[in-house]
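None of the values given here were measured: they were computed from a predicted structure. Heads up: numbering here begins at 1 and tracks the sequence. Order of appearance sets the numbers: ligands from 1, and atoms from 1 within every ligand. Just so you know, these numbers use all the heavy atoms, side chains as well, and skip hydrogens, waters and symmetry mates.
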Amino acid sequence: MSEVQWIYAPWKIKHKIFILIFLPFVFWLSWYSNGGNSWTSSLPFSCKLHYDHARRDGSYLDHLLEIRLPRMNYSQPETMNLLRTDVAVLTPWFAPIIWDGTFNIDILNHQFKQRDVRIGLVIFAIKKYVVFLQLFLETAETFFMVGYKVNYYILTDRPKDVPNVTLAEGRRVVVLKIPSHARWQDVCLNRMEIISVFTKQQFIHEVDYLVSADIDMRFSDHVGVEILSDTFGTLHPGFYRAKRQHFTFERRPASQAYIAVDEGDFYYAAGFYGGTVDEVYKLANQCHNGIMTDKANSIEAVWHEESHLNKYFLNHKPTKILSPEYLWDNGMGVPEVLRKRRFVAVPKNHAEIRN
Ligand code: GAL
Ligand code: MN
């Protein structure tokens, strides 16, 4: 016999040891790590199977919540006519763009009510910004998620200045004390870290969705469950018609928020965004990491946490987009496409209020 034939010789003693002792051990280990359950699939996937096993025990299927709509009266959805002919209502990744006239709130309310969703509205009231709280909360009680369980998470350095506003049943104010920063830019940058920390520690136990909103605003028309989705961002009122090269993204490659001129879908406003608690945690955490890396590199993104939010939404497309109805500034007039102004900036003296 030539040497070559010995390469695959199973009768050679070394191979016998492998087959008789080591291989059974590998099988036993795989079976053991599969939770000691019978073989349901091929060996290499046993680790994944271990995770899937809880779901494979199909008992949970019998306990899923049924969302069942009652008999309802509404006009038939159109297949050959557009809901809106003046604006886009869908992105190329099939996220709806929410404009007035595109949704039936009765259908949505039936669905979300049966899920008994709880919404956390996160607002920062730092230093003089506490003056905006009264109007914000009063108008939110009139227009924001009416009929739903809402927690107003007010993050403030001045808990004593939080006004007493009468709230509807199932809604409450939760005051969370946080330190302030000397620079308003740092207050903004810090929001992502605070949101991620409080989400992990508290929000996750109390609500299903989180909405982060600027406080120097008032609600002036309906804002309801039509906004809720895994993640949602709002078209900035100053850029919803603009070409991407004119967006005020961070343009310095040294920043983690950098976006090239030939990239970008929309310019999203940091004044109104949100999603499920899980998704907002991921978003806030990742933006915070970008902000910290920037800080270590002595660079601060041009529009602070808004720049990082835009970078995040470029790489993780939001599942819903809100039109500028959901964040408007009356200083920009009232274009015809804007049938409703739901959440509007309260005029302020920037220099006076920021410092
Ligand atoms: C301004 C707004 C800023 C920032 C900026 C982005 O209109 O006040 O907060 O969003 O646009 O260019
Ligand atoms: Mn603002």
Side-chain angles (χ1 to χ4, degrees), residues 121-137 139-140 144 152 154-156 180-181 183-192 194-195 211-220 223 232-252 255 257-261 263-274 283 287 290-291 294 300-314 318 321-335 338 341-355:
L121 182 53
V122 181
I123 40 181
F124 288 77
I126 303 296
K127 293 187 273 189
K128 289 179 192 169
Y129 278 77
V130 290
V131 302
F132 294 107
L133 273 170
Q134 181 96 25
L135 185 64
F136 183 100
L137 292 172
T139 57
F144 182 77
Y152 296 102
I154 302 179
L155 297 129
T156 182
S180 72
H181 289 274
R183 294 168 65 240
W184 66 268
Q185 292 89 338
D186 284 326
V187 169
C188 289
L189 285 166
N190 204 236
R191 297 205 287 191
M192 290 299 182
I194 304 264
I195 289 173
V211 178
S212 169
D214 268 6
I215 192 179
D216 50 350
M217 306 285 293
R218 68 187 161 84
F219 291 90
S220 57
V223 174
F232 68 85
T234 307
L235 302 181
H236 191 292
F239 301 94
Y240 69 99
R241 292 165 184 267
K243 292 271 171 231
R244 51 158 64 130
Q245 62 267 29
H246 300 306
F247 291 163
T248 51
F249 290 148
E250 173 54 60
R251 300 300 190 182
R252 291 166 296 173
S255 169
Y258 167 70
I259 299 177
V261 284
E263 282 189 291
D265 306 302
F266 306 110
Y267 189 81
Y268 303 97
F272 204 60
Y273 68 88
L283 178 159
C287 288
I291 288 163
D294 274 10
E300 187 174 279
V302 57
W303 283 106
H304 323 108
E305 106 274 38
E306 188 169 82
S307 306
H308 292 273
L309 178 73
N310 272 282
K311 181 64 177 277
Y312 186 84
F313 278 157
L314 172 65
I321 316 284
L322 309 186
S323 70
E325 293 170 10
Y326 292 87
L327 204 161
W328 192 250
D329 186 334
N330 284 332
M332 310 207 178
V334 188
L338 214 70
R341 283 168 285 163
R342 305 170 189 277
F343 189 47
V344 193
V346 173
K348 67 169 189 260
N349 178 334
H350 285 76
E352 219 280 306
I353 208 91
R354 278 175 176 170
N355 303 303

So that I know where these two stand, are F219 and F136 an aromatic pair - ring centroids less than 6.0 Å apart? yes

Backbone N/O of G264 and side chain of R244: donor-acceptor pair under 3.5 Å: yes

Quick one: look up the protein heavy atom nearest atom 5 (C) of ligand 1 and list residue, atom name and how far away it is. W303 CE2, 3.5 Å

Do the rings of F132 and Y129 sit parallel, tilted or perpendicular, given the 30° and 60° boundaries? tilted

Residue and atom name of the nearest protein heavy atom (relative to atom 4 (C) of ligand 1), distance in Å to one decimal: E306 OE1, 3.3 Å

Do protein heavy atoms approach atom 8 (O) of ligand 1 to less than 4.0 Å? no

Counting both backbone and side chain atoms, is some N or O of T248 under 3.5 Å from an N or O of ligand 1? yes

Which N, O or S atom name in D214 marks its closest approach to the Mn ion (ligand 2)? OD2

Look at the aromatic rings of Y267 and F247 and report parallel, tilted or perpendicular, splitting at 30° and 60°. tilted

Nearest protein heavy atom to atom 1 (C) of ligand 1, by residue and atom, and its distance? H236 NE2, 3.9 Å

Which atoms of ligand 1 have any heavy atom of Y267 under 4.0 Å away? 6 (C)

Name the orientation class of the two ring planes belonging to F272 and Y326 (parallel below 30°, tilted from 30 to 60°, perpendicular beyond 60°). parallel

With no hydrogens and no angle check, is any side-chain donor or acceptor of D294 less than 3.5 Å from a backbone partner on E300? no

